[in-house]
Chemist: 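Following this message is one structure expressed as structure tokens.
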Amino acid sequence: MEQDKFTNIYRLPTAIQIRIGKWQQTFNGTSDLIMHKAIEVRNKQYKKPNFFPTGWTVQLFDKEDISITHHGKYIQTAMRTMMDRKVSYKRIYLSRLPLEEAEPGLLAYKEEFISKHNRVARKYNQIKKKQFIRYAMEEAETLYPSLPKTEFDVALWNKLVVSELGNPKKYKNPYFVKHSSV
């Protein structure tokens, strides 16, 4: 069992240590009983509502962090498409709309997108955290590492987008924004 690597648990020469972000706890000894206790304490940290496992969850967007960049002939903001969450840009050419109308319009557009994205992201994070906790609990039962490294689950995300926001065909843009005019 010396070669087994548990997520956030480290074997020291005479102890077992849990490190999650800035929080850590050390247990003297290296036996299976100590390892079991360490896994259970780690799992309690995992169950806290403000813990989001890296790679398992999607970051929520904050309306305070909206960035609109000016490029002379157009303004733009970086966004993600609702289906598949691919990075893209929403641009407004200033030849079509004056800056005084374009900037507030783009801001409203992105705010609507953020509210819809965050709605889906909260559901996604809830489901993925439950899966993560199930794997963590399995480790406590078996004393064998079973927390896989994970990547973004596109299929789950797309399924949640359709269930939360409806069919993509009813939207005219890949960001599922309906009410904004730009």
Side-chain angles (χ1 to χ4, degrees), residues 7-8 19-24 42-136 146-182:
T7 305
N8 299 112
R19 285 183 249 153
I20 303 173
K22 293 180 182 178
W23 180 87
Q24 70 179 32
R42 178 203 66 180
N43 289 353
K44 281 184 185 170
Q45 292 295 314
Y46 284 171
K47 288 179 183 177
K48 289 186 175 179
N50 61 348
F51 175 79
F52 294 104
T54 306
W56 284 77
T57 55
V58 170
Q59 288 281 53
L60 300 179
F61 289 120
D62 186 359
K63 290 182 181 181
E64 303 301 314
D65 295 335
I66 294 176
S67 166
I68 295 176
T69 55
H70 297 258
H71 298 275
K73 295 182 179 181
Y74 62 90
I75 61 173
Q76 78 177 16
T77 187
M79 298 177 72
R80 288 192 175 266
T81 60
M82 272 300 182
M83 298 302 285
D84 303 332
R85 279 192 91 238
K86 293 188 177 178
V87 175
S88 69
Y89 299 91
K90 173 66 178 167
R91 257 183 208 154
I92 298 179
Y93 287 91
L94 299 175
S95 59
R96 285 188 330 119
L97 205 60
L99 182 62
E100 300 78 40
E101 292 177 38
E103 200 163 3
L106 189 56
L107 190 65
Y109 193 92
K110 184 123 184 206
E111 284 176 350
E112 183 179 339
F113 162 76
I114 286 174
S115 69
K116 289 182 177 188
H117 174 276
N118 287 352
R119 190 167 116 199
V120 175
R122 282 186 191 92
K123 274 263 198 298
Y124 177 87
N125 290 348
Q126 188 179 32
I127 291 167
K128 292 304 278 183
K129 187 165 180 179
K130 281 181 185 175
Q131 289 175 351
F132 181 82
I133 295 296
R134 268 189 248 123
Y135 282 118
S146 59
L147 268 170
K149 298 270 186 258
T150 189
E151 293 179 6
F152 176 66
D153 187 345
V154 177
L156 173 62
W157 177 268
N158 289 345
K159 181 179 153 194
L160 289 171
V161 166
V162 171
S163 74
E164 286 291 307
L165 305 175
N167 191 322
K169 290 178 182 159
K170 76 178 192 180
Y171 295 95
K172 293 181 178 138
N173 57 64
Y175 314 109
F176 286 35
V177 175
K178 246 186 171 174
H179 303 293
S180 189
S181 61
V182 292

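This is a predicted model, so every value here is computed, not measured.
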Chemist: Looking only at heavy atoms, what is the nearest atom pair of Val161 and Met82, with distance?
Modeler: CG2-O, 3.6 Å
Chemist: Would you give the length of the straight line joining atom CG of Leu106 to atom CD1 of Ile92, rounded to the nearest 0.5 angstrom?
Modeler: 4.5 Å
Chemist: Considering residues at least two apart in sequence or located in another chain, which fulfil the side-chain contact (heavy atoms from CB on, under 4.5 Å) criterion with Thr7?
Modeler: Arg42, Tyr46, Leu147
Chemist: What I'd like to find out is whether the side chain of Asp153 reaches to under 4.5 Å of the side chain of Ile127, using heavy atoms alone.
Modeler: no
Chemist: Are the side chain of Glu111 and the backbone N or O of Lys63 linked by a donor-acceptor pair below 3.5 Å?
Modeler: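 No, the answer is negative, given that no donor and acceptor are paired below the 3.5 Å cut-off.
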Chemist: Are the side chain of Glu112 and the backbone of His179 linked by a donor-acceptor contact shorter than 3.5 Å?
Modeler: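 Flag set: sc Glu112 to bb His179 pair under 3.5 Å.
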Chemist: So, Arg19 versus Gln24: side-chain donor-acceptor pair below 3.5 Å or not?
Modeler: no
Chemist: Please, which pairs that meet side-chain hydrogen bond (donor to acceptor under 3.5 Å, both in side chains) have at least one residue in residues 166-176, sequence neighbours excluded?
Modeler: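 Passing the test, one end in residues 166-176: Ser88-Tyr175, Tyr109-Asn173.
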Chemist: Within a radius of less than 6.0 Å around OH of Tyr135, do more than 12 heavy atoms belonging to other residues, nucleotides or ligands occur?
Modeler: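 It does not: Tyr135 OH has 12 such atoms or fewer within range.
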Chemist: Find the distance between CD (Gln131) and CD1 (Ile133) and round it off to the nearest 0.5 Å.
Modeler: 11.5 Å
Chemist: Taking atom CD1 of Ile114 and atom CG of Asp62, what is their separation to the nearest 0.5 Å?
Modeler: 7.5 Å
Chemist: Looking only at the side chains, is there a donor atom on one of Gln126 and Lys123 sitting less than 3.5 Å from an acceptor on the other?
Modeler: no
Chemist: Could you state the interatomic distance from OG1 (Thr81) to CZ (Phe176), rounded to the nearest 0.5 Å?
Modeler: 8.5 Å
Chemist: Mind checking whether Lys128 and Phe52 have side chains closer than 4.5 Å, heavy atoms only?
Modeler: no
Chemist: What closest approach, in Å, do Ala136 and Asn43 show between heavy atoms, and which atom pair accounts for it?
Modeler: O-ND2, 3.0 Å
Chemist: Give me the atom names and distance for the closest heavy-atom approach of Trp157 to Asp84.
Modeler: CD1-N, 4.2 Å
Chemist: Among Arg91, His70, Lys90, which residue meets the side chain to side chain contact (heavy atoms under 4.5 Å, CB included) test with Gln76?
Modeler: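 Of the listed residues Arg91, His70, Lys90, the side chain to side chain contact (heavy atoms under 4.5 Å, CB included) partner of Gln76 is Arg91.
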Chemist: Could you check whether any side-chain N or O of Lys110 sits under 3.5 Å from a backbone N or O of Thr77, counting only pairs where one atom can act as donor and the other as acceptor?
Modeler: no
Chemist: Show which side-chain atoms of residues 53-61 pair as donor or acceptor with protein atoms under 3.5 Å away, not counting sequence neighbours.
Modeler:
from, atom 1, to, atom 2, distance (Å)
Thr57, OG1, Pro53, O, 3.4

Chemist: So does Met83 get a backbone contact from the side chain of Asn158, meaning a donor-acceptor N/O pair under 3.5 Å?
Modeler: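 Side chain of Asn158 to backbone of Met83, a donor-acceptor pair under 3.5 Å: no, none is there.
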Chemist: Kindly assign one of parallel, tilted or perpendicular to the pair Tyr74 and His71, based on the angle between their ring planes and the thresholds 30° and 60°.
Modeler: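 Because their plane-to-plane angle is under 30°, the rings of Tyr74 and His71 count as parallel.
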Chemist: Looking only at non-hydrogen atoms, find the nearest pair between Ala102 and Leu94 and report the distance.
Modeler: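 Where Ala102 meets Leu94 most closely, the heavy atoms are CB-CD2, 4.1 Å.
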Chemist: Is a side-chain donor or acceptor of Asn8 paired with a backbone partner of Ile20 at a separation under 3.5 angstrom?
Modeler: no
Chemist: Do Arg85 and Val154 come within less than 4.5 Å of each other through their side chains, counting heavy atoms only?
Modeler: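 No. Closest side-chain heavy atoms not under 4.5 Å.
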Chemist: Is Phe132 close to Phe51 at the side-chain level, that is, under 4.5 Å between some pair of heavy atoms?
Modeler: yes
